[in-house]
Amino acid sequence: MIKILKNLTKKDVLCAFICLILIVIQVHLDLKLPDYMSSITSLIQTDNINLSSILKEGSYMLLCAFGSLTTAIIVGFFASRLAANFSFNLRGKIFKKVTDFNIEEIKEFSTSSLITRTTNDVTQIEMLISMGLQMLIKAPIMAFFAISKILGKSVELSMLTGACVIVLLITIIFLMIIVIPRFERVQKLIDKINCVMRENLTGIRVIRAFNAEKFQTDRFDLVNTDLTNNQLFNQKCFAILNPVMNLVMHTLTLGIYFIGAILIEKAFLLDKITIFSNVIVFSSYGMQVIMSFLMLAMIFMIWPRAKVSANRINEVLDHSISIKDGDFKGNTNESGCVEFKNVSFKYPDADEYLLKNISFKVNKGETVAFIGSTGSGKSSLINLIPRFYDATLGEVLIDNINVKDYKQETLHNKIGYVSQKAVIFTGSVSDNIKYGDCGKKITNKDVLESLKVAQGYDFVTKMEKGINSHLSYGGTNISGGQKQRISIARAICKKPEIYIFDDSFSALDYKTDLTLRKELKKYVLDATVLIVAQRIGTIINADKIIVLDKGECVGIGTHKELLKNCQVYKEIALSQLTKEELENA
């Protein structure tokens, strides 16, 4: 928990310091009230009662009460502000850290868990800070001063108060030992609920198509029941606190008056007034001590869950980033040149290499295609260029500089990437195409031009607001082919040195695919184009085709060269086109 609080800014620390001063003032004012009450009690029992003196003491009591109320309101305001600012900054740090994760690191935590850590876990800490500043600081100060006020006044009453405090401490410690492990399980179960709900929403069409609603409901009920049972157990444990607190509080009050009555009965006449005054003071200060521990008990109800949440957040913030940013951000002598030198790659937890000893060079302006059977490593190979993963062995060079040496912003500005699955963000068509910072100013004219090349101009201009038309999350209000064309337009609009199309034409019909590739070739004369594809027709006119099989490069050449020299390529080609079609291509 202390580690997570290091994320407090100087402004937050100043705010906390102001709260501390105000809390000390508030406690001082609260503890003055029993003193004035004792004075009034003594004044009432004197022979010559002076009404003005009683009213004066009473006025001081009212001023103290009003001052305590005012400081409490101010502390509440500053504590809420501090907690909100802290959670705002912490969420920002988690988001930035997760953005720097590579795909493997995101899988390690899971998407649902990262969402929980950014939302629910941060909220738990926010609640602790908001209430903790008001109670966790106030309670020990109040307890310390209250105990110091009553010590020495009566041994019997001091022992009774001490016994009550010990009972409360034992109860709180016992509950903490039982509840903390349960709260760790609660946060993990929230992750699971997020995961099941996320799967249910993203796969709703498949679920309905296979009549799997009951299966998904049973899955959700299983996790939900487990979470509910854990929460019920925790709340039942904490429910013990209330009756224990009330029992201790009333026992203390009764005990003070019972012991006080015995002491007054045995005392001499002159001492009776002093003992009675002490009983009044003990009653008030004893309640202050119990209230202090009541406040601590409320904090201890929040503390275990907040502690678990803090540990989960620290796991994310302390996780080392495997893909480190390079230093190079200058200009190179070449542009658009990509080279693989003896590259091998395997996933961190894998035993076998997915890619083995891959070497090739792509010069500026060339169109190079990658083809192979499913699982041959095409997408994994192409993902090494923008550093979604780093090569395990060998080097990936862009313009004769290792991609690991580039500052990532500089590297990504050189690349226009279109993923295998079209990604659409919530916003307008224009927002999606202008997306990101590529170091260039993109105008609406550029957007329309890129749509024309990507064969998306016609359907976008027919939409109600054209390029300003709204696209929902994931592009659910447009078709798969339309999503893919907008994704392609996003890369084209960037005007990069290197285009990467990771099987990005699969949702397009053959006619649109052919037209798009022709327009793209005219538009990107000087740029390097790398295409991962399943269709022979998509890559047949590429300058160079690289054939992968089981992670190894088994052929490099043009379409006609590979038909003669590469058996793997020939088998793929014949599975899609007839021999006559291949010869006439």
Side-chain angles (χ1 to χ4, degrees), residues 102-104 107 338-362 366-398 403 415 417-422 484 487-488 498-508 510 513 517 528-577 581-582 585:
N102 68 10
I103 298 165
E104 198 61 35
K107 286 179 182 176
V338 179
E339 186 175 3
F340 276 57
K341 283 186 175 180
N342 303 315
V343 170
S344 295
F345 170 73
K346 67 176 179 179
Y347 291 108
D349 298 328
D351 295 325
E352 295 182 4
Y353 281 93
L354 184 64
L355 298 171
K356 303 162 192 170
N357 200 30
I358 305 291
S359 296
F360 62 85
K361 186 172 183 179
V362 183
E366 284 187 335
T367 297
V368 175
F370 301 85
I371 196 166
S373 58
T374 303
S376 58
K378 303 183 297 297
S379 292
S380 298
L381 182 142
I382 217 80
N383 285 334
L384 297 177
I385 299 170
R387 291 193 74 196
F388 296 151
Y389 298 100
D390 272 340
T392 310
L393 299 171
E395 292 182 304
V396 179
L397 307 174
I398 290 183
V403 290
I415 298 167
Y417 176 77
V418 185
S419 59
Q420 196 168 7
K421 182 183 177 182
Q484 212 158 46
S487 296
I488 293 167
I498 302 162
Y499 287 89
I500 297 176
F501 297 99
D502 186 2
D503 200 11
S504 310
F505 305 101
S506 57
L508 305 179
Y510 287 100
D513 182 4
R517 283 185 286 108
T528 302
V529 180
L530 306 175
I531 302 173
V532 171
Q534 299 287 353
R535 294 178 187 168
I536 291 291
T538 302
I539 63 171
I540 205 164
N541 295 316
D543 299 315
K544 196 184 294 178
I545 299 170
I546 296 172
V547 186
L548 297 177
D549 184 45
K550 296 178 182 177
E552 295 181 348
C553 179
V554 294
I556 299 177
T558 63
H559 168 69
K560 289 184 178 179
E561 288 171 350
L562 290 170
L563 279 175
K564 294 177 183 177
N565 305 324
C566 182
Q567 184 61 32
V568 174
Y569 182 79
K570 189 175 181 180
E571 287 173 3
I572 295 170
L574 287 171
S575 69
Q576 297 180 24
L577 300 171
E581 286 173 328
L582 289 172

Next on the checklist: For Y417 and L530: C-alpha separation, side-chain torsions, deciding distance, then whether side chain to side chain contact (heavy atoms under 4.5 Å, CB included) applies.
Outcome noted: CA-CA 10 Å; Y417 176 77; L530 306 175; over 6 Å; no

Checklist entry - Is the backbone of L393 close enough, under 3.5 Å, to the side chain of S344 for a donor and an acceptor to pair up by distance? => result no

Checklist entry - Would the F340 and F345 ring centres measure less than 6.0 Å apart? => result no

Next on the checklist: With a 4.5 Å cut-off on side-chain heavy atoms, are I371 and I536 touching?
Outcome noted: yes

Checklist outcome for this item: So SG of C553 and CZ of F370: to nearest 0.5 Å the spacing works out to 9.0 Å

Checklist entry - At what distance, to the nearest 0.5 angstrom, does CD1 of I531 lie from CD1 of I539? => result 8.5 Å

Checklist entry - Do L355 and L384 come within less than 4.5 Å of each other through their side chains, counting heavy atoms only? => result yes

Item to check | For Y353 against K346, the heavy-atom pair lying closest together | outcome: CA-CB, 3.7 Å

Checklist entry - Nearest heavy-atom pair of I385 and V338: which atoms, and what distance? => result CD1-CG1, 4.1 Å

Checklist outcome for this item: Scanning both residues in full, the closest heavy-atom pair of G537 with R517 reads O-NH2, 2.9 Å

Item to check | Summary of salt bridge (charged side-chain N to carboxylate O under 4.0 Å, His left out) pairs that have at least one residue in residues 368-392, sequence neighbours excluded | outcome: R387-D390

Checklist entry - Do N102 and F388 have side chains that get closer than 4.5 Å, going by heavy atoms? => result no

Next on the checklist: Just so I know, are the side chains of F360 and V343 near enough to count as touching, which here means a heavy-atom distance under 4.5 Å?
Outcome noted: no

Checklist entry - So, S419 versus D502: side-chain donor-acceptor pair below 3.5 Å or not? => result no

Checklist entry - Quick one: NZ on K570 to CG on N565, what's the gap to the nearest 0.5 Å? => result 10.5 Å

Checklist entry - Where does the angle between the aromatic ring planes of Y499 and F501 fall among parallel (under 30°), tilted (30 to 60°) and perpendicular (over 60°)? => result parallel

Checklist outcome for this item: G555 and C566 have their tightest heavy-atom pair at CA-SG, 4.3 Å

Checklist entry - Which heavy atom of L563 sits nearest a heavy atom of A573, and at what distance? => result CD2-CB, 4.0 Å

Checklist entry - Is the closest side-chain heavy-atom distance between Q484 and L508 below 4.5 Å? => result yes

Checklist outcome for this item: For V418 and S487, the nearest pair of non-hydrogen atoms, with its separation, is CG2-O, 3.9 Å

Checklist entry - With distance as the sole test, does T538 use its side chain to make a donor-acceptor pair with the main-chain N or O of A533 at under 3.5 Å? => result no

Checklist entry - Between S376 and D549, does a side-chain hydrogen bond (donor to acceptor under 3.5 Å, both in side chains) hold up when you go through it step by step? => result CA-CA 5 Å; S376 58; D549 184 45; over 6 Å; no

Next on the checklist: Treating T528 as the side-chain partner and E366 as the backbone partner, does any N or O pair qualify as donor plus acceptor under 3.5 Å?
Outcome noted: no

Next on the checklist: Are the side chains of L548 and I358 in contact, using a 4.5 Å heavy-atom criterion?
Outcome noted: yes

Item to check | Interatomic spacing from CD in Q567 to CD1 in I572 - rounded to 0.5 Å | outcome: 10.5 Å

Checklist entry - Looking just at side-chain N and O atoms, do D503 and S379 make a donor-acceptor pair shorter than 3.5 Å? => result no

Checklist entry - Any side-chain heavy atom of F505 sitting closer than 4.5 Å to one from I488? => result yes

Checklist entry - Checking D543 side chain against V368 main chain: does a donor-acceptor pair fall under 3.5 Å? => result no

Checklist entry - When you look at NZ of K356, are more than 12 heavy atoms from neighbouring residues, nucleotides or ligands closer to it than 6.0 Å? => result yes

Checklist entry - Between the main-chain N or O of Q534 and the side-chain N or O of Q576, is there a donor-acceptor pair closer than 3.5 Å? => result yes

Checklist entry - With a 4.5 Å limit on heavy-atom distance, are the side chains of I398 and I415 in contact? => result yes

